[in-house]
Amino acid sequence: MSDSAYKVETTCRLAQWRIDNLASCTYRKSDPFKIGNWNWHISVEKSRLLFVKLFPEISNLTRGTPPIASFIIRVVSSVGDRKAFTHPEITDKQLKNSEDFVWQIEVPLTGKFIIDIEFLDLKTPSPDGGEPCSIWAEGVAKKRSNATALSSFSRMLSESIHTDITINASNGSIGAHRAVLAARSPVFRSMFAHDLKEKELSTINISDMSIEACHTFLNYIYGSIQHEDFLTHRLALLGAADKYDMDDLKEACHESLLEDIDTKNVLERLQSASLYQLPKLKTSCMRYLVKFSKIFDIRDDFNVFMQCADRDLIAEVFHEVLNAWKGF
């Protein structure tokens, strides 16, 4: 058996193991694959029934901080009509060994099939006996903004301390400080250094952002962004970061958008990756759609995407699809 028969492909929070042939009375365990802080294995055992197990690799990390996992697991026939079996969603299941999650499938499977696992969350036990803590709860945005702005900036913004410029969003206004904006963005600095209308009128019009997204944008600049607000307004922040030449915010958005690609957002993110030239995000979205066959799960949305997306981007998607078919 070739080494590829045991390899699990991963991207973001998704793992897929493609099995070409599983004879009767066969046991097979995958190579280790990394999701979150842990290395994982999948095993399958076939007698009269099919048993599928997911478990972390035994290590000091597993013994000390065993993962508490929430996930969706499916077995999909990769031939014919792509018959799929989906286990009910697993929520906050602590996994220490190969007996903690066992899925018994009573319908016989033959030929090629795919085991598809989407990790919704991974938590570690609290050392003080409190609530488990998600390893994905803290985003990079808050850490990056705290590293680049002094904590006092937060009060300057929230209490409107000596604001000297007004920002008009699409549905509201907020006061800010020229010096802070200029220090964080070369585009703002250029506005205030030259005799532009923004300098003369002491206003900046950002009509393509809502006041809520604009508040979040300014909170990032001032070092007081909240992770929940960042997640809500990531795409708007990405556009602002590109427009005002803020590479740190653009990279924070890029990294965050890589973390939770799913069938609901993959097409929108693919278009954003193309528009803002984000190669890692584009590659991840392409892999999710083509390599992991998720394009079949969103046919209606993909048809709409085909009618309105950039022609060059559509051509890239078709190129990936054709290459995948050649290698199948």
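None of these values were measured; they are calculated from a predicted model.
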So CD of Q94 and CD1 of I68: to nearest 0.5 Å the spacing works out to 5.0 Å
Q | Polar side chain donor-acceptor pair, N303 to D300, under 3.5 angstrom | A | no
Between K123 and E131, does any NZ, NE, NH1 or NH2 come within less than 4.0 Å of an OD or OE carboxylate oxygen? no
Between K53 and D100, is there a side-chain N and carboxylate O pair less than 4.0 Å apart?
no
- Item | N-O pairing of K294 and D297 below 4.0 Å | yes
Would R178 count as a cation-pi partner of F192, with NZ or CZ less than 6.0 Å from the six-membered ring centre and within 45° of the ring normal? yes
Point to revise | Chi angles and distances behind the side-chain contact (heavy atoms from CB on, under 4.5 Å) call for F188, I204 | key: CA-CA 9 Å; F188 285 134; I204 301 173; 3.7 Å; yes
Query raised in the report: When you check the side-chain N and O atoms of Y222 and H177, is any donor under 3.5 Å from an acceptor?
Result: yes
Exercise. Would E57 and H41 count as having a side-chain donor-acceptor pair, cut-off 3.5 Å?
Worked result: yes
* If you measure only the distance, is there a donor-acceptor pair under 3.5 Å linking the side chains of T86 and R74? -> no
### Between N171 and S210, a side-chain donor and acceptor under 3.5 Å
no
Only one of F51, F71, F55 passes ring-ring contact (aromatic ring centres under 6.0 Å, His included) with F101, and that residue is F71
- With distance as the sole test, does D247 use its side chain to make a donor-acceptor pair with the main-chain N or O of K250 at under 3.5 Å? no
- Assess the side chains of R18 and S4: does a donor N or O sit below 3.5 Å from an acceptor N or O? no
Inset, instruction - Consider only side-chain N and O atoms of D229 and Y220, and report whether a donor and an acceptor are under 3.5 Å apart. - result: no
Is a salt bridge present between R269 and D260, judged by a nitrogen-to-oxygen distance below 4.0 Å? yes
